[in-house]
Amino acid sequence: MSDEPIKIKITSEEVERVVLPEPTPQLYVPPQTGTGTKSYGKIASAPSLPTGGATGGSLLMKAWLYLGLAGLAGAFLAWAISEPAFVDGERRSVFHWANFAMFPLMVILISFGFGVAESAVERSAKKAVQKGILSIVLGTVLGIIFYIVAGFVYQVLLRGLDVSSPKEPTWWVARGIAWAVFGVAGGIVYGVVDRSGKKCLYGVLGGAIGAGLGGFLFDPIALLTQGGAVSRAVGMMILGAGTGVAMGLVESALKDRWLYVSGGPLAGKQFILYKPQTQIGSQQSSDIYLFKDPAILPAHALIELRGAQSILHSMGQVFVSGQSAQPQHALRSGDVIQIGRYTFSFLEKQRTQ
């Protein structure tokens, strides 16, 4: 028997017939460093989401909730400061500052709450301070102006409707319309501090609805409680909370394009794309601030709205539906965007052809 090794011959034709399998794309998952670091998992494929928006995540990330709580706290604080000095009925006098300061103060404080709440939820202390200061300034000016306007509207409506008693439902309607003016002021501040005309419009609409509800319920509550203090407290808190909740709901219902955070520390938060350009990065001045991730650049990505198109500009590593994104990428509804440990779902309302 020969000890020579067996030789295998492969022809060039056989080599050409070999077909290699296509590589399976892998979704980037940033490395975990250190101990005690939270793991937010990874997204293997685009989640199945309803066309009207996404659900899930922390309840505190819902705009209607944190805006409602901010409005409630601001209105209650205004009542608590002013009520001890408030004078009812015949003894009312120009020397009782609380009678004239209560509602302008309420506008100031709920405006401050709206301005700070969103930045606080996004954990951006810098933006919260900036928006809070601007909200106080705008709220003071608008609070005084709109208090005068609301008083004028109220008196005109009472005379026009020819009502003389708070027991008449038409009186409640008149107060509701007048109080809606305060909600308009809060909505204006909400949009202005974020430098968005569309957000201002949604805020005005939601604010008028919520505040009008508080005004409508004020007199029935006063009749049930037989006292002005309780009715003022409840009515103002309904105004503040209702304004915030209505603003959040209107904003969500009328949104056109948005990012829903489906993975990461902000899971459940939605970022509505109002501006022509929305910057995403680790610097607090970014429109979408992504914190505590060293892999994210100060200005990591930008979403540009070009008519019906939404263009993603990548300055750092970005993955779209598992693939590394090009420097410019046209987004489609349902695309899953991953930046560091954050995962977003890009969504838009269906457009009629």
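In this chain, residues are counted from 1 in sequence order.
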Subject >> Verdict with reasoning, Ser124 to Gln284, per side-chain hydrogen bond (donor to acceptor under 3.5 Å, both in side chains) >> reply: CA-CA 6 Å; Ser124 176; Gln284 290 200 37; 3.1 Å; yes

Original post:
Thr278 and Lys275: side-chain hydrogen bond (donor to acceptor under 3.5 Å, both in side chains), yes or no, with the steps?
Top reply: CA-CA 6 Å; Thr278 299; Lys275 300 178 181 179; over 6 Å; no

Original post:
Where do Tyr274 and Trp258 land on the side-chain hydrogen bond (donor to acceptor under 3.5 Å, both in side chains) test, with the steps shown first?
Top reply: CA-CA 8 Å; Tyr274 287 110; Trp258 66 101; over 6 Å; no

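Evaluation of the ring pair (Phe, Tyr, Trp, His ring centres under 6.0 Å) rule for Phe216 yields Trp172 as partners, not counting sequence neighbours. Checked against ring pair (Phe, Tyr, Trp, His ring centres under 6.0 Å), Phe76 has the following partners two or more places apart in sequence or in another chain: Trp79. Legend: residues meeting ring pair (Phe, Tyr, Trp, His ring centres under 6.0 Å) with Phe218, ordered by chain and number and at least two apart, are Trp179. Here Ala241 pairs with Leu72 under the side chain to side chain contact (heavy atoms under 4.5 Å, CB included) rule; sequence neighbours left out. Evaluation of the side chain to side chain donor-acceptor pair (under 3.5 Å) rule for Gln277 yields no partner, not counting sequence neighbours. Taking the ring pair (Phe, Tyr, Trp, His ring centres under 6.0 Å) definition, one finds that Tyr66 meets it with nothing, sequence neighbours left out.
When atom types are taken as modelled, the side chain of Ser286 and the backbone of Ile280 share no donor-acceptor pair closer than 3.5 angstrom. The backbone N or O of Ala128 sits nowhere less than 3.5 Å from a side-chain atom of Lys131 that would complete a donor-acceptor pair. Between the side chain of Asp335 and the backbone N or O of Phe346, no donor-acceptor pair lies under 3.5 Å. At least one donor-acceptor pair closer than 3.5 Å links the side chain of Ser282 to the backbone N or O of Ile296. Remark: side-chain polar atoms of His300 are paired, donor with acceptor, to backbone N or O of Gln317 under 3.5 angstrom.
Pairs of residues two or more places apart, or lying in two chains, that qualify as salt bridge (Lys or Arg N to Asp or Glu O under 4.0 Å) and include a residue from residues 166-178 are Arg175-Asp219. Residue pairs meeting the ring-ring contact (aromatic ring centres under 6.0 Å, His included) criterion with at least one partner in residues 223-250, sequence neighbours excluded, do not occur; the list is empty. Evaluation of the salt bridge (Lys or Arg N to Asp or Glu O under 4.0 Å) test over residues 138-149, restricted to residues two or more places apart or in two chains, returns none. Screening residues 105-117 for salt bridge (Lys or Arg N to Asp or Glu O under 4.0 Å), with sequence neighbours left out, gives no hits. The list of salt bridge (Lys or Arg N to Asp or Glu O under 4.0 Å) pairs with a residue in residues 98-117, not counting sequence neighbours, is empty.
Centroid-to-centroid, the aromatic rings of Phe103 and Phe182 come within less than 6.0 Å.
Across all non-hydrogen atoms, the minimal contact from Ala117 to Ala70 is CB-CB, 3.9 Å. Of all the heavy atoms in Leu347 and Ser333, the pair that sits closest is CA-OG, 3.7 Å.
None of Gln279, Gln326, His329, Glu304 except one satisfies the side-chain hydrogen bond (donor to acceptor under 3.5 Å, both in side chains) rule with His313; the exception is Glu304.
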Please tabulate, for side-chain N and O atoms in residues 198-206, each donor-acceptor pair with protein atoms closer than 3.5 Å (sequence neighbours left out).
{"unit_1": "Lys199", "atom_1": "NZ", "unit_2": "Glu118", "atom_2": "OE1", "d": "2.6"}
{"unit_1": "Lys199", "atom_1": "NZ", "unit_2": "Asp194", "atom_2": "OD2", "d": "2.9"}
{"unit_1": "Tyr202", "atom_1": "OH", "unit_2": "Leu254", "atom_2": "O", "d": "3.1"}

